[in-house]
K.L.:
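First the structure, then my questions, so here it is.
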Amino acid sequence: MRLILTCGLFFLLSFSLKAQNSDSGTGFSMLENAPTPSGLALNESVTAIPQGSASIYLNPALLILNASSTIDLGYSSWIEDSDFIFGGANFISGKRAVSIGIYNSRINGIEQRNNPGPSNGDFSISYLSLSGALAYDFDFISLGIAAQYLNEVNAQYKASGYAFNFGAASEFFDSKLKTGISVLNIGKLDELNNQSTALPELLRAGISLDVFEFTPPKNSDLPVLVSISSDYVQPLNERETLQNGEVKNDPYFNFGLRLNFAEVIELSGGFKTGNQAKQISFGVGLVTDLINVNYALVPYRYGFGSLNSIGLQYKF
């Protein structure tokens, strides 16, 4: 009953925000992406999967559902000198988790022109989020909240602002089934030049399930755990698509599949529905008791190249 009431409150909040918002496009697109390769490999179908401190940006309630405290690092490289850098730490003590994170994206080498012809030089665009989060486990449900300080630099223009993330999550059947719901990036930025950038406000609801585990007949030391995940994502404000500049806020689904071999090697993949630029994703991870190393490859559609991401998680 507590989970149903909490989910109801989140839906009421999201639809209220959607009704109030009339923006015709968003910036800070990095806040729509998972900050580490383990989430990117599943195409962000991780609203119900603990991701260490990266869950600050996906569902802060998951911070308390990690098996241990973590330090997380992620680096992603995209086309034309654009990159994403994440670093965070999640500290678990009893039923409480406290987490901090820094998330930065930068695009370099953008030419500036006032008229056709030679450029006036290059400039860069950068986005920065400094975050702190708190999550608490109430036995039947965990709740989390995160606050972000945001900074945007576009050529000579600068703006700052704030945003909040809210989340709830639950585990069932010895943690084989997990559910989560979050409302993300609720806040505002100061004006940049003469107009403020709208944040990508999102409602996410997800589920993760360990489907089955099997052992190959000729190798009893290599059990394989098959897990699936799915997210429903509803943008709460409109944004332009990469394909043709249309402005829309249509909902879409993310799907993920994980194959864990003997709790050492993990292969994963993801898929997005709808007219999304990054429709598929792939990943591989090395899992140890102390350190996880992950890599993700995300091909973009419409000629926007591919994103490569590598990450490290230290558990303590």
K.L.:
Looking at CZ of Arg258 and CG of Leu225, how far apart are the two atoms once the value is rounded to the nearest 0.5 Å?
P.N.:
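Going from CZ on Arg258 over to CG on Leu225, the span is 7.5 Å.
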K.L.:
Should Arg204 and Tyr232 be marked as a side-chain contact (heavy atoms from CB on, under 4.5 Å) after you check the CA-CA gap, both sets of side-chain angles, and the distance that decides it?
P.N.:
CA-CA 6 Å; Arg204 306 175 64 103; Tyr232 168 82; over 6 Å; no
K.L.:
Can you tell me how far apart CD1 (Ile207) and OG (Ser170) are? Round to the nearest 0.5 Å.
P.N.:
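Between atom CD1 of Ile207 and atom OG of Ser170 there are 11.5 Å.
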K.L.:
Could you tell me how the ring of Phe253 sits relative to the ring of Phe255: parallel (under 30°), tilted (30 to 60°) or perpendicular (over 60°)?
P.N.:
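Parallel: the ring planes of Phe253 and Phe255 meet at under 30°.
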K.L.:
Just by distance, do the side chain of Arg96 and the backbone of Leu134 share a donor-acceptor pair under 3.5 Å?
P.N.:
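Between the backbone of Leu134 and the side chain of Arg96 there is no qualifying donor-acceptor contact (under 3.5 Å).
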K.L.:
Tell me whether Phe86 shares a hydrophobic cluster with Val298, the cluster being built from Ile, Leu, Val, Met, Phe, Trp, Tyr side chains joined at under 4.5 Å.
P.N.:
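Yes, same cluster.
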K.L.:
Test your reading of the model: is there a side-chain donor-acceptor pair from Gln51 to the backbone of Gly39, 3.5 Å cut-off?
P.N.:
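Flag set: sc Gln51 to bb Gly39 pair under 3.5 Å.
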K.L.:
Under the criterion side-chain contact (heavy atoms from CB on, under 4.5 Å), I'd like the reasoning laid out for Leu40 against Ser281: C-alpha separation, chi angles, the key distance, then a yes or no.
P.N.:
CA-CA 7 Å; Leu40 289 167; Ser281 60; over 6 Å; no
K.L.:
Quick one: which of Asp289, Asn292, Thr288, Asn66 gives a side-chain hydrogen bond (donor to acceptor under 3.5 Å, both in side chains) with Lys315?
P.N.:
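One option only clears the test, and that one is Asn292.
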K.L.:
Main chain of Gly256, side chain of Asn43: is a donor-acceptor contact present, judged purely on distance under 3.5 Å?
P.N.:
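No, Asn43 side chain to Gly256 backbone: no donor-acceptor pair under 3.5 Å.
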K.L.:
Is Lys278 salt-bridged to Glu44, going by a charged N under 4.0 Å from an acidic O?
P.N.:
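So Lys278 pairs with Glu44 through a salt bridge.
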K.L.:
Taking the side chain from Asn237 and the backbone from Leu199, do they hold a donor-acceptor pair closer than 3.5 Å?
P.N.:
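Yes: the side chain of Asn237 pairs with the backbone of Leu199.
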K.L.:
For Ser208 and Ser229, which I'm curious about, is there any donor-acceptor pair between the side chains at under 3.5 Å?
P.N.:
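Side-chain D/A pair, Ser208 to Ser229: absent.
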K.L.:
Could you tell me whether the side chain of Ser142 and the main chain of Asp137 form a donor-acceptor pair under 3.5 Å?
P.N.:
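Such a contact is absent between Ser142 side chain and Asp137 backbone.
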K.L.:
Do Leu259 and Ile265 belong to the same hydrophobic cluster, where Ile, Leu, Val, Met, Phe, Trp and Tyr are linked whenever their side-chain heavy atoms lie under 4.5 Å apart, directly or via other members?
P.N.:
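Yes, Leu259 connects to Ile265 through the hydrophobic network.
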K.L.:
Step by step, work out the side-chain contact (heavy atoms from CB on, under 4.5 Å) result for Ile181 and Leu203.
P.N.:
CA-CA 8 Å; Ile181 185 169; Leu203 167 69; 4.2 Å; yes
K.L.:
Could you pull out all residues at least two apart from Ser160 that satisfy side-chain contact (heavy atoms from CB on, under 4.5 Å)?
P.N.:
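So Ser160 forms a side-chain contact (heavy atoms from CB on, under 4.5 Å) with Tyr149, Asn151, Asp190.
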K.L.:
For the CG atom of Asn33 and the CZ atom of Phe28, what is their distance to the nearest 0.5 Å?
P.N.:
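One finds 13.0 Å between CG of Asn33 and CZ of Phe28.
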K.L.:
Is the backbone of Ile56 close enough, under 3.5 Å, to the side chain of Asn165 for a donor and an acceptor to pair up by distance?
P.N.:
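Confirmed, Asn165 side chain pairs with Ile56 backbone.
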K.L.:
Same hydrophobic cluster for Leu58 and Ile145, using side-chain heavy-atom links shorter than 4.5 Å among ILVMFWY?
P.N.:
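No.
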K.L.:
Verify, without hydrogens or angle tests, whether Lys178 (side chain) and Gly206 (backbone) share a donor-acceptor contact under 3.5 angstrom.
P.N.:
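No; judged by distance alone, with no hydrogens or angles, the pair does not exist.
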K.L.:
Can you check whether Ser309 reaches Phe84 side chain to side chain, under 4.5 Å on heavy atoms?
P.N.:
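Side chain of Ser309 against side chain of Phe84, heavy atoms only: no contact under 4.5 Å found.
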K.L.:
Quick check for you: to the nearest 0.5 Å, what is the distance between Phe164 atom CZ and Leu184 atom CG?
P.N.:
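Phe164 CZ to Leu184 CG: 13.5 Å, rounded to 0.5 Å.
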K.L.:
When rounded to the nearest 0.5 angstrom, what distance separates OH in Tyr157 from CD in Glu191?
P.N.:
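Here the rounded value is 12.5 Å.
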K.L.:
Using only heavy-atom distances, determine whether the side chains of Tyr295 and Asn308 contain a donor-acceptor pair under 3.5 Å.
P.N.:
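Yes, side-chain donor-acceptor contact under 3.5 Å.
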K.L.:
Classify the ring geometry between Phe316 and Phe91 as parallel (under 30°), tilted (30 to 60°) or perpendicular (over 60°).
P.N.:
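Ring orientation of Phe316 relative to Phe91: perpendicular.
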K.L.:
Take Lys188 and Tyr162 through the side-chain contact (heavy atoms from CB on, under 4.5 Å) test and state the conclusion after the steps.
P.N.:
CA-CA 6 Å; Lys188 65 177 297 184; Tyr162 65 89; 3.6 Å; yes
K.L.:
Check whether Tyr103 and Leu307 end up in the same hydrophobic cluster, where Ile, Leu, Val, Met, Phe, Trp and Tyr are linked by side-chain heavy atoms less than 4.5 Å apart.
P.N.:
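Looking at the clustering, Leu307 is in the same group as Tyr103.
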K.L.:
Would you kindly say whether Ser38 and Asn294 are connected by a side-chain donor-acceptor distance under 3.5 Å?
P.N.:
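Asn294 and Ser38 do not have a side-chain donor-acceptor pair below 3.5 Å.
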K.L.:
Can you hop from Val211 to Leu222 via hydrophobic side chains spaced under 4.5 Å?
P.N.:
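In one cluster: yes.
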K.L.:
Asn90 side chain to Leu63 main-chain N or O, any donor-acceptor pair under 3.5 Å?
P.N.:
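Pair found, side chain donor or acceptor close to backbone of Leu63.
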K.L.:
We want to know whether Ser227 and Asp210 form a side-chain donor-acceptor pair, criterion being a heavy-atom distance below 3.5 angstrom.
P.N.:
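On atom types as modelled, these side chains qualify, holding a pair under 3.5 Å.
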K.L.:
Ala133 and Ala146: which non-hydrogen atoms are nearest, and at how many Å?
P.N.:
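Ala133 and Ala146 have their closest heavy atoms at CB-CB, 3.7 Å.
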K.L.:
How long is the straight-line distance from OG1 of Thr215 back to CG of Asp221, given to the nearest 0.5 Å?
P.N.:
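Answer for the CG-OG1 pair, Asp221 versus Thr215, is 9.0 Å.
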K.L.:
Using atom types as modelled, flag every donor-acceptor pair under 3.5 Å from a side chain in residues 125-132 to any protein atom, sequence neighbours excluded.
P.N.:
{"residue": "Ser129", "atom": "OG", "partner": "Tyr57", "partner atom": "OH", "Å": "2.8"}
{"residue": "Ser129", "atom": "OG", "partner": "Gln148", "partner atom": "OE1", "Å": "2.8"}
{"residue": "Ser131", "atom": "OG", "partner": "Tyr57", "partner atom": "OH", "Å": "2.9"}
{"residue": "Ser131", "atom": "OG", "partner": "Gly101", "partner atom": "O", "Å": "3.3"}

K.L.:
Without swapping roles, check the side chain of Asp231 against the backbone of Val233 for a donor-acceptor pair under 3.5 Å.
P.N.:
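Such a contact is absent between Asp231 side chain and Val233 backbone.
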K.L.:
Quick one: are the ring centres of Tyr136 and Phe138 less than 6.0 Å apart?
P.N.:
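Tyr136 vs Phe138: aromatic centres under 6.0 Å.
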K.L.:
With Asp72 as reference, evaluate Ser99, Ser53, Ser55 under the side-chain hydrogen bond (donor to acceptor under 3.5 Å, both in side chains) test and give the passing residue.
P.N.:
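So, applying the side-chain hydrogen bond (donor to acceptor under 3.5 Å, both in side chains) to Asp72 and each of Ser99, Ser53, Ser55, only Ser53 qualifies.
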K.L.:
Does Asn185 reach the main-chain N or O of Pro200 with its side chain, forming a donor-acceptor pair under 3.5 Å?
P.N.:
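Yes; at least one donor-acceptor contact below 3.5 Å.
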